[in-house]
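Comments concern the structure below.
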Amino acid sequence: MSARPFRHGLLALALVAPVAHAQSLEDWLPSTAQVAPVLQASPLIQSARARQEAQLQRARGIEAGSGEWAVRLNQQQRRVREPQERFAETTLALERPLRLWGKAGMDARIAEQDREVARIGLADALHEASRTLLTQWFGALRARLDADNAERELQLARELDRQAQVRLRQGDVSQLDARLAKAELQRSEATSRLAQAELQRSIAQLQRLYPGLPQPRGPEDDVPTPALPAQPLEAALQDFLTHHHELNLLRAEARRQQQLAERLERDRWPDPTVGFYTARERAGSEQLAGVSVAVPLSGTYRESQARAALAEAHALAQQVQQLERQLTADFEARWQQLAQQAQALVALRAAAATQRLAADKSLTAYTLGEHSMTELIQNRRMANEQQLASQRLLLDSLHNQARIELDTHRLWDLDD
């Protein structure tokens with residue numbers, strides 16, 4: 001039997017493997033219109049909205065103040081010895097603490113800052129949910145890539161085993177070569193089953209956590225690799241820091257803590273409690289009316305609370321600086337990694353093409369009796385591994401780029 005049909009059959013299967021390219025991230029990801037309702041309806045975001053409502057209500061209470069009207073009622077008996085008499089007497093008072101020294105305005109500013117913290121907190125929850133979805137989406141894309149690659153390997157192994165069995169019956173190959181082909185088929189079947197199981201797990205997790213989203217699939221056509229961001233690093237970094245919700249939330253909390261420290265410092269000037277009262281004495285023969293004023297005397301407690309709040313404000317300000325440094329370093333590293341990944345992707349694709357050519361030549365050499373079945377299997381496996389490595393690197397690069405786009409609000413911008 002001629003070896004040409006055997007060689008051409010394997011080459012046809014090998015050429016089925018598409019090279020993963022994409023023009024833009026939109027080719028790989030669901031649209032904002034698909035993502036927004038799914039995330040907005042998730043229990044995680046509903047919980048964040050409930051927390052926001054609680055913060056807004058607390059801000060409303062701070063603005064209104066804790067002072068309330070109080071009604072005081074005294075009922076007493078007056079006894080007189082000479083002449084012996086007994087009188088019922090009643091005192092009724094209406095009292096309320098006053099916010100003086102500009103404290104009402106300070107409380108209003110704190111309440112407004114609380115509303116800002118609540119708004120940013122919800123936006124941060126939405127952004128973190130988007131990042132989690134992005135990570136799980138690319139995890140499912142990797143699982144599909146591995147499953148598709150395992151299926152292609154399985155098809156190649158089946159064709160190799162079929163051809164080996166045919167040639168064994170014709171006496172063109174040895175029993176050892178046929179067994180090696182069978183072992184390769186069994187290994188490919190196990191790998192394919194594991195990859196399919198992981199793909200099904202990833203898809204099921206996405207469908208359970210994000211019902212309504214389509215299944216993750218990459219582009220099927222060969223299109224150019226996505227270009228690197230055209231925006232300079234400095235401008236991109238500024239956008240990143242400006243829109244970063246965690247950083248903005250910490251900044252808002254630091255401003256609120258500073259305002260609270262100033263408010264507690266002002267609390268060292270005590271607020272008076274003013275009341276109006278009326279009294280009925282000697283069984284109503286005497287009627288009294290007056291005004292009462294009570295002023296607490298500020299002590300060590302108020303001073304210690306003010307100083308503690310000021311120290312906490314200073315600590316939050318330092319945390320803002322530290323977080324800004326960490327985020328800057330992380331963003332610059334990811335930006336540089338994106339360029340390095342693009343260069344590495346070119347090299348890996350070239351290596352994959354070279355290895356595919358080597359596998360083709362190994363197949364030719366095997367048909368001529370110059371290579372063993374072991375060498376053919378090894379070269380074909382290395383070609384598949386190189387191809388898979390280049391496709392995985394492309395997904396890693398796209399994931400990195402998508403995170404940058406998401407963090408700079410050019411992807412899935414869900415802020416209210």
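Worth knowing before you read on, the calculation uses all heavy atoms, side chains too, and leaves out hydrogens, waters and symmetry mates. Start at 1 with the first residue, then count along the sequence.
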Using side-chain heavy atoms (C-beta onward) and a distance below 4.5 Å, is [X] in contact with [Y]?
X      : Y      : value
Leu394 : Leu348 : no
Arg187 : Glu153 : yes
Gln305 : Arg302 : no
Leu288 : Arg280 : no
Asp239 : Arg410 : yes
Thr132 : Leu209 : no
Leu249 : Val117 : yes

Rounded to the nearest 0.5 Å, how far apart are [atom1] of [X] and [atom2] of [Y]?
X      : Y      : atom1 : atom2 : value
Gln257 : Ile110 : CD    : CD1   : 9.5 Å
His399 : Leu29  : NE2   : CG    : 9.0 Å
Leu126 : Asp413 : CG    : CG    : 10.0 Å
His409 : Phe240 : NE2   : CZ    : 10.0 Å
Leu199 : Arg142 : CG    : CZ    : 14.0 Å
Arg403 : Thr135 : CZ    : OG1   : 7.0 Å

Closest contact, heavy atoms only, [X] versus [Y]:
X      : Y      : value
Ile203 : Arg144 : CD1-NH2, 4.0 Å
Glu63  : Ala111 : CB-CB, 3.7 Å
Pro211 : Arg208 : CD-O, 3.8 Å
Ala150 : Ala195 : CB-CB, 4.0 Å
Gln341 : Ser397 : OE1-CA, 3.2 Å
Gln215 : Gln207 : NE2-NE2, 3.4 Å

Between [Y] and [X], is there a salt bridge with N-O shorter than 4.0 Å?
X      : Y      : value
Glu116 : Arg119 : yes
Glu253 : Arg256 : no
Arg307 : Glu303 : yes
Asp330 : Arg334 : yes

Just checking [X]: does its [atom1] atom have more than 12 heavy atoms from other residues, nucleotides or ligands closer to it than 6.0 angstrom?
X      : atom1 : answer
Arg72  : CZ    : no
Arg179 : CZ    : no
Gln77  : CD    : yes
Arg96  : CZ    : yes

### Task
Quick one: do Gln343 and Gln340 satisfy side-chain contact (heavy atoms from CB on, under 4.5 Å)? Show the steps, please.
CA-CA 5 Å; Gln343 297 175 9; Gln340 297 297 326; 3.9 Å; yes

### Worked check of side-chain contact (heavy atoms from CB on, under 4.5 Å) between Phe331 and Leu241
CA-CA 9 Å; Phe331 185 84; Leu241 294 177; over 6 Å; no

### Task
For Leu156 and Asn384, run side-chain contact (heavy atoms from CB on, under 4.5 Å): C-alpha distance rounded to whole Å, both residues' side-chain angles, the deciding distance at 0.1 Å, then the answer.
CA-CA 10 Å; Leu156 284 169; Asn384 290 335; 4.1 Å; yes

### Task
For the residue pair Trp269 and Trp101, categorise the inter-ring angle as parallel (less than 30°), tilted (30 to 60°) or perpendicular (more than 60°).
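Answer is perpendicular, since the angle exceeds 60°.
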
### Task
Specify whether His245 and His127 have parallel, tilted or perpendicular ring planes, treating 30° as the upper limit for parallel and 60° as the lower limit for perpendicular.
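Rings of His245 and His127: tilted, 30 to 60°.
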
### Task
Give the C-alpha distance, both sets of side-chain angles, the deciding distance and a yes or no for salt bridge (charged side-chain N to carboxylate O under 4.0 Å, His left out) between Arg58 and Asp114.
CA-CA 8 Å; Arg58 281 193 289 268; Asp114 273 343; over 6 Å; no

### Full working for side-chain contact (heavy atoms from CB on, under 4.5 Å) between Leu122 and Arg49
CA-CA 6 Å; Leu122 177 60; Arg49 289 193 180 280; 3.4 Å; yes

